[in-house]
Amino acid sequence: NAGVTQTPKFQVLKTGQSMTLQCAQDMNHNSMYWYRQDPGMGLRLIYYSASEGTTDKGEVPNGYNVSRLNKREFSLRLESAAPSQTSVYFCASSEYRPPYEQYFGPGTRLTVT
Amino acid sequence: DAKTTQPNSMESNEEEPVHLPCNHSTISGTDYIHWYRQLPSQGPEYVIHGLTSNVNNRMASLAIAEDRKSSTLILHRATLRDAAVYYCIRSGGSYIPTFGRGTSLIVHP
């Protein structure tokens, strides 16, 4: 099992450009999450999808959109990138029942200049 | 609001036990306590979880206070590979996980 995979691993964007971060999991989990982590900080939840067909805002959703394409895939889109979105982005998945143990991907390092 | 409180950093020597504390004084009866760790330049990885009883697995032990308002992650013999940021979080109900800054564990050779 690959677990949670993310593409790309690294990306540099210019201000105003758009891009989509891809995430896939092969654990048949119902729930998926997108986090960002700024230097020296903890993880902040951007959006989550409790189950296929649903998405909800987390703590810091502004400037992002998500799509739960199917049970396996959950993508994060930046429509018009800003330097404040420079961060490391992590995708995670879990069952939607206690204890909600999460499995994380390796992350995407995004720099917006 | 991380809903848990942890020290910013702790230090240990290699081969010694490490006790990482976490305060979750507002925990509800159905909330699980989870611990994750994040090695440098990696995503967080699950370490252990518990509800009321102490738990052991191959990575660590989790000691939960009788009133469930605090818990302690125990690494029985720290190694250099255990140097990481350790996060204590709660889950339950409509699960919206919140990670704080965690505890940065420094292990000295």
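Note on naming: letters A, B, ... go to the chains in the order of the sequence lines (proteins, then strands), and numbering restarts at 1 for each one.
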Heavy-atom distance under 4.5 Å to chain B: side chain of [X], backbone, both or neither?
| X | answer |
| --- | --- |
| A:Arg109 | side chain |
| A:Leu43 | both |
| A:Gln6 | neither |

Practice problem: Could you tell me whether A:Tyr33 and A:Phe90 have their ring centroids closer than 6.0 angstrom? | Solution: no
Quiz item: Do the ring planes of B:Tyr46 and A:Tyr103 sit parallel (below 30°), tilted (30 to 60°) or perpendicular (above 60°)?
Solution: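 B:Tyr46 and A:Tyr103: tilted rings.
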Quiz item: Parallel, tilted or perpendicular: which describes the rings of A:Phe104 and A:Tyr35, with under 30° parallel and over 60° perpendicular?
Solution: tilted
Quiz item: Given that the side chain runs from C-beta out, which part of B:Ser41 has a heavy atom under 4.5 Å from chain A: side chain, backbone, both or neither?
Solution: both
Exercise. Assess whether side-chain contact (heavy atoms from CB on, under 4.5 Å) is satisfied between B:Leu62 and B:His49, documenting all intermediate values.
Key: CA-CA 7 Å; B:Leu62 176 60; B:His49 74 268; 5.6 Å; no
